[in-house]
K.L.:
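Have a look at this one.
Only a predicted model underlies this, so the values are computations on that prediction, with no experimental measurement involved. We number each residue from 1, following the sequence as shown. Computed over heavy atoms, backbone and side chain alike; hydrogens, waters and symmetry mates excluded. For ligands, and for the atoms within them, numbers begin at 1 and follow the listed sequence.
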Amino acid sequence: MAGGMALSLAGPVTAQKGLSSKFTPTAYARPTSNYSPFTTPDYYTFTDDLVIERNRPGKPHQGKVLAAVEAHSDDIPLFAGGTVAKLIDEGYTGYLIRVSNDEAAGSTLGYGVVQNEKDIQGAAKALGCKKAFSFYYRNHRMDDNALIEIRARLIFLFRVLRVNTVFAMDPYDHYDENPDHLVVGKAVEGACWMSGGGKEYPEHYKAGLKPAQVREKYYHPRSPQGHNLVNRIVDIDSYIDQKVRTNVANTGKGPAGATGSRLRQELAREGKKLPLLGNDDETANFAYVKHFLMDDFRLMGQQFGLGYAEAFHYIGPQANYRDNIRKYVDNHVVPL
Ligand SMILES: [Zn+2]
């Protein structure tokens, strides 16, 4: 499981000092800035066929559509914002789909709903998405909803939008305390498979929709509890500032938003200043997010010789089995 690449590049084998030689380490502790609990998970297991996805010149994804699905308004911006921005820049049309109403993140429940409704529009714009959708299920209560309903709504949207690629929280993330994440991950996974089926919700076809062939999935981990199998590291160095701006747009939820300007104002009241935060609120918010909240993504990238990186369990297009069998038949067929 632990290939030479992961062992030599990941480096944290030193954390396994004292481990008896009869044990082979398979999970790797990440280096951490300890600036934020909402960045990269504590442990990763890297596959031995790990791929590093770099920038691709031109618009190789022109004509393709991605859906970035999240339980909460800060999930995609924090964990996958760099890669979503990268793929959109490389030609994808992107859509952001939020499944909860984010009521648990605001000064009151009602305020949380309104603020996050506004924020998701700003985050979608910063990512380069064409449109944001919200399903408005109650925050942290999603395990009380019928999974089949969430999945059916996703199937409908995947077909309407002609989705080829999805981003979602890994439905097999270990140790996640948040009940919404795994519910959404499981709904997305089922929807990806069923969206292409001719017998699933046939009334959609009567209404003019076509099956959606979702062929690529980028599953991202959640921190700090998440621990998932990583087979793809994405170089987001060119998109880190866009990722920062996406997180700054998230004012109602998560650790970013206007935290930098609030810290700057707090210090000013004490007659102090932090040079990092500059002289205005906009600079303070950007610098705070980049310096404190993105540092773990820098440390993740550093392990692979990159500026900043995000990690995924990527599931790509399946082999064309029918064509392969046909080729076998053509090569081996004999007269009766
Ligand atoms: Zn979340």
K.L.:
Does the distance from a Lys or Arg side-chain N to an Asp or Glu carboxylate O, for Asp102 and Lys253, drop under 4.0 Å?
P.N.:
yes

K.L.:
Is the Zn ion (ligand 1) under 2.8 Å from any N, O or S atom of Asp75?
P.N.:
yes

K.L.:
With carbon and hydrogen excluded and only N/O/S kept, which atom of His181 is nearest the Zn ion (ligand 1)?
P.N.:
NE2

K.L.:
Just to verify, what does Asp89 make a salt bridge (Lys or Arg N to Asp or Glu O under 4.0 Å) with, not counting sequence neighbours?
P.N.:
Lys59

K.L.:
Which is the closest N/O/S atom of His72 when seen from the Zn ion (ligand 1)?
P.N.:
ND1

K.L.:
For the pair Arg326 and Asp330, find out whether any cationic side-chain nitrogen is under 4.0 Å from an anionic carboxylate oxygen.
P.N.:
yes

K.L.:
Does NZ or CZ of Lys243 fall inside the cone over Tyr308's six-membered ring, less than 6.0 Å from its centre and within 45° of the axis?
P.N.:
no

